[in-house]
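Small disclaimer: the values here were computed from a predicted structure and weren't measured. By convention in this document, chain letters (A, B, ...) are assigned in the order of the sequence lines, proteins followed by strands, and residues within each chain are numbered from 1. Reckoned from all heavy atoms, side chains included, excluding hydrogens, waters and symmetry mates.
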Amino acid sequence: MEVRMKHLLNPLDLSVEETDRLLNLADSIAADPARYSHCCTGKKLATLFYEPSTRTRLSFEAAMINLGGSVLGFSSANSSSASKGESVSDTIRVISCYADICAMRHPKEGAPMVAAGKSRIPVINAGDGGHQHPTQTLTDLMTIRSLRGSLGNLTIGLCGDLKFGRTVHSLINSLIRYDNVKFVLISPKELRVPDYIRDDVLEANHVEYKEVEKLEDVMPELDILYMTRVQRERFFNEDEYLRMKNFYILDAEKMQLAKPDMYVLHPLPRVNEISVEVDDDPRAAYFKQVQNGVYVRMALILTLLGIDTSNL
Amino acid sequence: MEVRMKHLLNPLDLSVEETDRLLNLADSIAADPARYSHCCTGKKLATLFYEPSTRTRLSFEAAMINLGGSVLGFSSANSSSASKGESVSDTIRVISCYADICAMRHPKEGAPMVAAGKSRIPVINAGDGGHQHPTQTLTDLMTIRSLRGSLGNLTIGLCGDLKFGRTVHSLINSLIRYDNVKFVLISPKELRVPDYIRDDVLEANHVEYKEVEKLEDVMPELDILYMTRVQRERFFNEDEYLRMKNFYILDAEKMQLAKPDMYVLHPLPRVNEISVEVDDDPRAAYFKQVQNGVYVRMALILTLLGIDTSNL
Amino acid sequence: MEVRMKHLLNPLDLSVEETDRLLNLADSIAADPARYSHCCTGKKLATLFYEPSTRTRLSFEAAMINLGGSVLGFSSANSSSASKGESVSDTIRVISCYADICAMRHPKEGAPMVAAGKSRIPVINAGDGGHQHPTQTLTDLMTIRSLRGSLGNLTIGLCGDLKFGRTVHSLINSLIRYDNVKFVLISPKELRVPDYIRDDVLEANHVEYKEVEKLEDVMPELDILYMTRVQRERFFNEDEYLRMKNFYILDAEKMQLAKPDMYVLHPLPRVNEISVEVDDDPRAAYFKQVQNGVYVRMALILTLLGIDTSNL
């Protein structure tokens with residue numbers, strides 16, 4: 001009956017069924033966090049952050065502390081043994097002597113996978129370069145599901161830099177596994193989703209999608225709007241940037257075009273792509289998303305450690 | 001009956017009555033710290049230090065741990081999301097999902113106030129630029145009160161850089177609220193207290209004070225001597241520095257001029273403004289002050305979290 | 001009956017008897033760590049790392065957490081008050097108000113000793129420059145003893161940079177106190193043990209030893225092989241380096257020359273001086289050594305805090 005995974009490296013490591021089970025647990029935790037406050041007593045989480053990511057690191061730490069466990073680790077490479085030339089494989093074997101589970105953030109793609117190969121403890125990929133960031137994806141899924149009741153029958157707008165946006169690619173890959181999900185891809189031409197996403201993921205799976213350049217044009221049809229940042233330096237030239245920059249800034253005016261139950265998500269941090277005036281709109285769900293991130297990580301830690309919560 | 005504040009941004013946020021209540025609680029804690037060791041079980045303190053301040057950060061951490069709570073956070077801006085351009089307002093909303101209370105240190109004046117405006121958890125200003133450092137002031141007040149029995153009827157010497165010294169200004173502002181406190185302001189001419197302190201605080205409130213240049217001249221009349229550092233680069237010229245530098249160095253010889261119950265305080269770290277030979281003098285209270293800092297922060301955390309300690 | 005030391009600055013601070021007692025406790029902990037999981041409830045360890053050393057720091061933190069205690073501290077000097085010019089003596093007096101015991105790593109030899117002189121809490125030297133690193137030595141001793149049953153009657157090969165290798169010198173100094181320990185010193189000529197080790201330690205104590213240049217020549221006679229790194233820049237010239245570099249790289253082929261019960265130790269991190277193919281050899285004990293490091297530190301913390309574990 002138990003989930004038989006040992007590590008979480010890629011959101012797709014989890015089947016739809018395993019994902020559902022994890023999100024169910026996260027929902028139970030959200031409903032009554034105190035009930036889980038002793039589940040990890042005596043357990044230790046190592047946070048191995050080879051590059052800083054305060055939000056993600058603190059979310060993991062809050063999750064483990066909420067479960068009654070403890071945390072140790074490092075928050076940037078220059079305060080780690082990496083600077084002495086140690087391999088990730090050796091580091092994880094050392095950390096296996098110190099902790100019961102670890103979350104690894106690394107600028108190099110695949111580093112957590114290499115670590116998992118040598119680890120005696122579960123490894124959670126907390127972001128590896130432009131590659132994967134599975135706990136962000138699980139957070140997004142939990143948030144969408146809790147707002148709408150399910151992950152199917154959904155028109156989701158993905159807005160901003162869809163070319164380099166790791167979270168967007170993972171979210172597409174995860175959502176196509178559910179029924180009747182339609183994607184509206186909103187971006188400048190030069191920042192459209194990569195060919196392999198369009199051809200190998202969307203087309204190959206006969207998923208309904210369209211690509212547009214302007215957020216305003218599609219607002220009324222969206223159930224979820226997932227905003228991401230568009231960096232100025234990504235544009236081909238300054239003229240293009242000036243012409244289009246407002247297309248990708250969500251403000252109160254654009255929100256008026258949306259359905260009354262169209263929720264806005266964002267992986268954060270934001271810069272100016274969502275105007276602060278939107279924060280007070282009840283449809284703004286990005287801070288709720290942050291809170292869900294803690295619950296999802298609690299559920300994940302419990303699951304990977306094989307802790308039975310059925311008779312709490 | 002409870003104190004109805006939510007944040008502590010400025011020492012003057014607390015009325016005299018609230019301050020007294022907080023110091024009473026700090027005294028109770030000092031008398032029997034173990035009694036309070038489970039008051040914050042399951043609670044989390046976030047230490048958001050946008051600039052390093054080890055002493056202050058560790059004092060907060062020790063305080064929370066002493067109460068049975070946990071700590072998470074960051075100790076410098078470059079390991080935080082600030083480097084990704086996130087606003088303090090967004091950061092605090094994220095942190096509100098991770099912790100129950102936070103202590104924020106920031107190089108920019110007013111940052112903790114901005115944070116408090118958007119926070120769902122109590123924010124403690126742990127120092128904002130040259131502006132405020134209220135827990136240092138509360139520590140000073142607790143130390144003076146515990147050494148002398150009360151905060152009134154006191155002649156206090158403030159020595160060193162009185163122009164830029166944030167702790168000195170806060171202490172003056174807090175102490176004028178008590179009866180019969182006389183200030184002896186000991187500094188080079190160019191480092192006297194700013195006009196607004198002299199005119200708007202001391203003169204306007206008819207507080208007795210005098211300004212002198214030489215510590216030796218006033219030692220016998222002091223009940224408390226609050227030392228601070230004078231940085232060489234603050235002097236107008238090298239000649240001035242050489243002429244005066246010894247005026248502001250407290251040594252065993254100068255201590256002989258003082259009353260037998262004149263206590264010496266210092267916010268630390270010191271460089272050479274108190275000679276180490278003074279450390280063994282029973283009147284040296286600066287390390288006691290450090291210990292009190294932990295108790296005051298314990299009391300503050302309990303108060304801001306609204307934890308009832310009346311029936312422990 | 002109790003061990004009457006207050007600090008651990010040098011491995012030789014512990015008599016042979018005290019070392020035995022400590023290692024016995026470490027063995028008991030290794031046999032059943034959970035039994036000790038509440039011994040330090042309410043106690044705090046300060047990790048004062050004036051230079052980064054993730055492995056050592058996390059080993060101490062894991063040790064304290066395993067005992068039910070808490071940890072606070074800093075992991076590099078630039079996030080500490082040291083950058084404000086505070087002396088180690090003042091810092092330790094401040095830390096004495098925050099924690100019950102501390103582990104100090106410092107780039108300057110003797111800094112932990114200076115701290116111990118002013119400390120109100122036990123100070124553990126977690127490495128001071130090229131000087132001492134007593135908890136590494138205790139880890140080495142525990143590992144050798146647990147693998148072989150005792151610390152006497154042993155032929156130990158020390159291989160690599162024996163001139164600058166702090167851990168090697170400490171290990172020699174500790175092992176000569178046991179009966180019938182023979183040393184085989186394997187290094188390039190320019191990286192042999194310093195004269196004072198050869199003359200004042202080995203010769204003066206009539207300890208049997210030999211110095212050789214090639215690991216292969218002595219493999220069959222060793223009971224323990226303690227590997228360390230040889231840095232390329234330590235060689236006199238590039239030709240020498242090219243001629244000899246393989247002499248000091250342990251691989252599966254060289255392991256075939258060794259006894260079936262010859263164990264390999266290494267203080268880690270390694271770079272390439274032990275080929276990864278050796279990791280799967282049951283005689284590879286360097287990751288076991290890491291685990292023992294946690295147990296030794298748990299035993300040390302208990303001992304220095306004077307916590308009675310006799311009736312657990």
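- When atom types are taken as modelled, the side chain of R57(C) and the backbone of G73(A) share a donor-acceptor pair closer than 3.5 angstrom.
- Contacts of residues 272-287 of chain C with chain A at a heavy-atom distance below 4.5 Å involve D279(C), F287(C), listed in sequence order.
- For R166(A), there are no side chain to side chain donor-acceptor pair (under 3.5 Å) partners at least two apart in sequence or on another chain.
- To the nearest 0.5 Å, atom CZ of residue R93(A) and atom CD of residue Q291(C) are 14.5 Å apart.
- Going from atom CG of L48(A) over to atom OG1 of T54(C) covers 9.5 Å, rounded to the nearest 0.5 Å.
- Y98(A) places a side-chain N or O within donor-acceptor distance of the main-chain N or O of R55(C), the cut-off being under 3.5 Å.
- Within 6.0 Å of NZ on K288(C) lie no more than 12 heavy atoms contributed by other residues, nucleotides or ligands.
- No more than 12 heavy-atom neighbours from other residues, nucleotides or ligands sit within 6.0 angstrom of CE on M113(A).
- For residues 58-68 of chain C, the interface with chain A (any heavy-atom pair closer than 4.5 Å) comprises L58(C), S59(C), E61(C), A62(C), I65(C), N66(C), sorted by residue number.
- Residues in residues 27-40 of chain A take part in these side chain to side chain donor-acceptor pair (under 3.5 Å) pairs, two or more places apart or across chains: D27(A)-R145(A).
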